[in-house]
Amino acid sequence: MKTNRQVVMGHYFAQEPASISQPQLINITFQGLNLQVRTDNEVFSKNGLDRGTAVLLKAILTDETADKIGSIWDFACGWGAVSLILAAFYPESNFYLSDINSRACSLATANMIMNNVKKFQTVQADAAAAYTGRLFDLIALNPPIRTGKIKVRQMLTAALSRLENGGKFYCVIGKKQGAASYAAFLQDLAEQDNLTYKLLLREQGYEVFCLRKE
């Protein structure tokens with residue numbers, strides 16, 4: 001007698017994944033950089049480097065002119081794509097990774113170790129609860145849009161409150177995901193908090209925003 005096994009799949013922004021773990025090793029490339037990483041079910045972009053994050057990284061690396069960046073917060077890190085790639089360009093930086101998803105945090109930690117990144121820490125936390133009291137020189141975020149506008153706005157606000165003087169917050173949002181609305185929200189926050197705002201890049205249907213704390 002045949003039975004149908006139901007595969008339970010949850011959301012990549014769940015604290016504890018509902019799906020069966022099926023880790024896989026994949027290869028990713030970015031601007032001549034080749035990395036091997038481990039991904040899994042119920043983690044954002046499990047099949048490779050997504051377009052939005054690739055556009056975000058391109059914008060950061062084009063905009064940043066400093067030889068060194070002290071502290072980098074990879075906010076909603078997933079399996080660690082942003083930190084892994086930035087570490088190749090800024091190996092002396094201190095990387096702080098956070099995600100609400102326990103599986104994502106485990107993968108990010110494993111991938112940083114596997115790719116020989118030495119100066120990092122990872123924490124499972126929701127939004128501003130990560131690294132309470134710490135300020136950062138660079139914060140990067142590809143927000144989980146499916147969590148809803150209220151949650152995403154909370155994440156944007158939290159990120160801006162955690163910048164060091166001279167620090168920069170980079171955020172990528174798809175045009176079809178409401179980039180125009182979030183741009184207006186970020187501009188309002190910039191005016192309230194005396195931050196410098198600019199639309200840094202439009203590419204492949206995504207927009208990257210940069211806000212700097214003077």
Is it true that a side-chain atom of [X] and a backbone atom of [Y] form a donor plus acceptor pair closer than 3.5 Å?
X	Y	answer
T132	A129	yes
N115	Q36	yes
N94	S71	no
E203	V55	no
T157	R153	yes
Q177	G174	yes
Y197	L189	no
R38	A110	no
T29	N34	no

If we check side-chain contact (heavy atoms from CB on, under 4.5 Å) with D99, which of these qualifies: C105, S106, P144? C105
Take atom [atom1] of [X] as the centre, draw a 6.0 Å sphere, and report whether it contains more than 12 heavy atoms from other residues, nucleotides or ligands.
X	atom1	answer
L25	CG	yes
K119	NZ	yes
K58	NZ	no

Between D63 and K198, does any side-chain N to carboxylate O distance fall below 4.0 Å? yes
Hey, is E92 close enough to K68 for a salt bridge, meaning N to O under 4.0 Å? no
With a 3.5 Å cut-off and no angle check, do the side chains of E64 and Y170 form a donor-acceptor pair? yes
Do [X] and [Y] sit in the same hydrophobic cluster, where Ile, Leu, Val, Met, Phe, Trp and Tyr count as joined when their side-chain heavy atoms come under 4.5 Å apart?
X	Y	answer
L156	Y131	yes
F185	M155	yes
V123	F75	yes
F30	L35	yes
I145	F209	yes

Apply side chain to side chain donor-acceptor pair (under 3.5 Å) to K151 and list each qualifying residue two or more places apart in sequence or on a separate chain. D126
Quick one: does Q24's side chain get under 4.5 Å of K46's, heavy atoms only? yes
Kindly indicate whether the side chain of M114, heavy atoms from C-beta on, has any atom under 4.5 Å from the side chain of N111. yes
Does the structure place the NZ or CZ of R162 under 6.0 Å from the centre of the six-membered ring of W73, at an angle of no more than 45° from the ring's axis? yes
With a 6.0 Å cut-off on ring centres, are F120 and Y96 close enough? no
